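What you are looking at is a predicted structure, and each value in this text was computed from that prediction instead of being measured.
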Amino acid sequence: MSAPKSAFLAAMIDRGFMHQCTDLEGLDAAAMKGVVTGYIGFDCTAPSLHVGSLVQIMILRWMQQTGHRPIVLMGGGTTKVGDPSGKDESRRLLTDDDIAGNMAGIKQVFAKFLKFGNGPTDAVMVNNADWLDKLAYIPFLREVGRHFSINRMLSFDSVKLRLEREQPLTFLEFNYMILQAYDFVELARRQDCVLQMGGSDQWGNIVNGVELGRRIDDRALYGLTTPLITLASGAKMGKTAQGAVWLNADQCSPYDYWQFWRNTEDADVGRFLRLFTELPLDEIARLERLDGAGLNEAKKVLATEATALAHGRDAAMQAAETARVTFEQGGTASDLPSVSLPRAKLAEGVPAFELVVAAKLAASNGEARRLIRSGGIKVNDQAVGDETAKFGLEHLVVDDAIKVSAGRKRHTLVRAG
RNA sequence: GGAGGGGUGCCCGAGUGGUUAAAGGGGACGGACUGUAAAUCCGUUGGCGACAGCCUACGUUGGUUCGAAUCCAACCCCCUCCA
């Protein structure tokens, strides 16, 4: 089709969110005509979300920014069953309390990105347990099950690939796509929701929902998927040594979050600026034209803008300043991650390897010793050669803290407390 | 229910009686080079430690043996084929 007329789809396409759409022209027309309600489903298996979900969060935000109404669908019902796809480790069944707690945590994340309320374009959060829990098997089969042909279901990638690899596929998993399709129909009925979005791996499930809506309710529903975001170097995005990069401050401080984006690979900067910030496209075009070390400026902008979305502008500026002092001045910023040790303990003197463990820069004494031996540890910017060298109150040089560094990027302040 | 195959460190995977804390790869971390990038090269990668060693570890529990990830038995789990 020619360029979309609606601001929403224009943003989706121009910023790199669009992978596939069931009916681009139809959706564009709907978006031009009025407020479109669209949703994305999220698991509630954890009390927060990580950057792996950020693409989906951003498209909900763009919906709202361009005058539409986003719905966050929590998989309270499906989580109770346990999403069986993916890994084969047996999942612990979550209790209702766990799920409620996780939902509350996830809502905190969304509160940063979306405006919730009762207005026409205010976001709402709904839980599919509200309808899935109450489903009666036989009536459900008769209403919904009759519209699914096994022949067709077997042709979907999610199923087909499993069968081709001769991996087991349980009946439960097989039903998952039906439940997800039904969610869409239910949301269309309850919330007048006509659009489901998701990652490209959700395409089949989304299409099923679109078709089910047409067959049961004769409704025009739309589906849209985003591309799988990987790093230019091929790795999965959002994985670090510490695990996932979480979006809530408790599990990933704004400083660490800023650092995550600051360390983006050169080749990803432009793409990430488009996806994960709301800077104007011409500004992004300018930034990504910087080359060599100049790209570092673009990375700082990316870090600050992305952090501002997740943690607020103030926290982002603070993180940027902490990074500037630490990395560009080689100084010690008082806002670095910190731990405290009892003053009395420091008075006795703490061996270097213990100090490193206390600073959480190593998981065990052995690891700390190895780090020191390989020349990776600095205390107050001085290399430490002896793993048993003692550090104490006299080393509280800056801001009543000892600066302990592992490698060039990881710094912790050890305070007397 | 029957027959066969398999469960090894963060992951994959070699190892079928001793020199095995366990090859190799991946990942991760540290160093060099740089730009807090990528690529490349080097190193490290169970815990404790007075650095002499000690402890824990190859699905689980027992057994054989001077000695077991390796042999035996039972059990648990996974896969394939048959019913």
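Among the protein residues, A:Q259 comes within range of the nucleic acid bases, having at least one heavy atom under 4.0 Å from a base atom. Here A:W258 lies in heavy-atom contact (under 4.0 Å) with a base. A:T326 comes within 4.0 angstrom of nothing in the nucleic acid, heavy atoms only.
Here, B:G24 and B:G30 have their P atoms 22 Å apart, quoted to the whole Å. Taking atom C1' on both B:C48 and B:A39, the two are 39 Å apart, rounded to the nearest angstrom. The separation of B:C10 from B:U16, taken at their P atoms, amounts to 23 Å, rounded to a whole angstrom. Comparing the P positions of B:G13 and B:G17 gives a spacing of 22 Å, expressed to the nearest Å. Atom C1' of B:U40 sits at a distance of 30 Å from the matching atom of B:G46, rounded to the whole Å. Comparing B:A21 with B:A57, their C1' atoms sit 8 Å apart, to the nearest whole Å. Nucleotides B:U60 and B:C77 place their P atoms 15 Å apart, quoted to the nearest Å. Using atom C1' as the reference point in both B:G18 and B:U65, the two lie 11 Å apart (nearest Å).
For A:A293, counting side-chain heavy atoms from C-beta on, the closest listed nucleotide (B:U36, B:G35, B:C51) is B:G35. Of the candidate nucleotides B:G35, B:U36, B:C29, B:C29 has the atom lying nearest to any side-chain atom of A:L371. Residue A:K299 places its side chain closer to B:G35 than to any other of B:C51, B:U36, B:G35. Among B:A37, B:C29, B:U36, the nucleotide with an atom closest to any side-chain atom of A:R410 is B:C29.
Among A:Y257, A:W246, A:F42, the one residue that satisfies the ring pair (Phe, Tyr, Trp, His ring centres under 6.0 Å) test with A:H50 is A:W246.
A cation-pi arrangement is present between A:K107 and A:F116, with the terminal nitrogen or guanidinium carbon under 6.0 Å from the aromatic centre and inside a 45° cone about the axis.
Under the Watson-Crick or G-U wobble criterion, with both distances below 3.5 Å, B:C81 is paired with B:G2. Pairing for B:A73 is with B:U61, a Watson-Crick or G-U wobble pair whose two hydrogen-bonding atom distances lie under 3.5 Å. Pairing for B:G9 is absent, judged as Watson-Crick or G-U wobble with the two contacts each under 3.5 Å. In this structure, B:A22 forms no base pair with any nucleotide, since neither Watson-Crick nor G-U wobble geometry is met with both distances under 3.5 Å. With a cut-off of 3.5 Å on both pairing distances, the Watson-Crick or G-U wobble partner of B:U44 is B:A28.
By the salt bridge (charged side-chain N to carboxylate O under 4.0 Å, His left out) test, A:E143 is found to be paired with A:R189, residues two or more places apart in sequence or in another chain being considered.
Going from atom CD of A:E387 over to atom P of B:G49 covers 11 Å, rounded to whole Å. A:R408 places its CZ atom 7 Å from the C1' atom of B:U34, with the value rounded to the nearest Å. Atom CG of A:L295 is separated from atom P of B:A38 by 13 Å (rounded to the nearest Å). When rounded to the nearest whole Å, the span between CZ of A:R271 and P of B:A37 equals 19 Å. Spacing between atom CG of A:L302 and atom C1' of B:A37 amounts to 13 Å, rounded to whole angstrom units. Note: CG (A:L336) to C1' (B:U36) measures 13 Å, nearest angstrom. To the nearest angstrom, P of B:A37 lies 14 Å from CG of A:L231. What separates CZ of A:R369 from C1' of B:C51 is a distance of 8 Å, to the nearest Å.
Sorted by first then second residue, the side-chain hydrogen bond (donor to acceptor under 3.5 Å, both in side chains) pairs that include residues 368-377 of chain A, not counting sequence neighbours, are A:R369-A:E387, A:R373-A:E387.
Looking at which nucleotide of RNA chain B each of A:A406 and A:D266 is closest to, the 5′-most match is held by A:A406. Nearest-nucleotide mapping onto RNA chain B: of A:K409 and A:E354, the residue sitting toward the 5' end is A:K409.
Electrostatic pairing of A:K403 and A:D381 counts as a salt bridge here, judged by a charged N lying under 4.0 Å from a carboxylate O.
Side-chain atoms of A:N263 and A:K409 form a donor-acceptor pair, as typed in the model, at a separation below 3.5 Å. No side-chain N or O of A:S340 forms a donor-acceptor pair with one of A:R415 less than 3.5 Å apart. No hydrogens or angles considered: nothing links the side chains of A:Q202 and A:Q196 as a donor-acceptor pair under 3.5 Å.
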Any N/O pairs under 3.5 Å between the protein and nucleotides 44-47 of chain B? List them or say none.
from, atom 1, to, atom 2, distance (Å)
B:G47, OP1, A:S364, OG, 2.8
B:G47, OP2, A:R370, NH2, 2.6

Stepwise ring pair (Phe, Tyr, Trp, His ring centres under 6.0 Å) test for A:F276 and A:W261: CA-CA 10 Å; A:F276 303 118; A:W261 293 105; 5.0 Å; yes

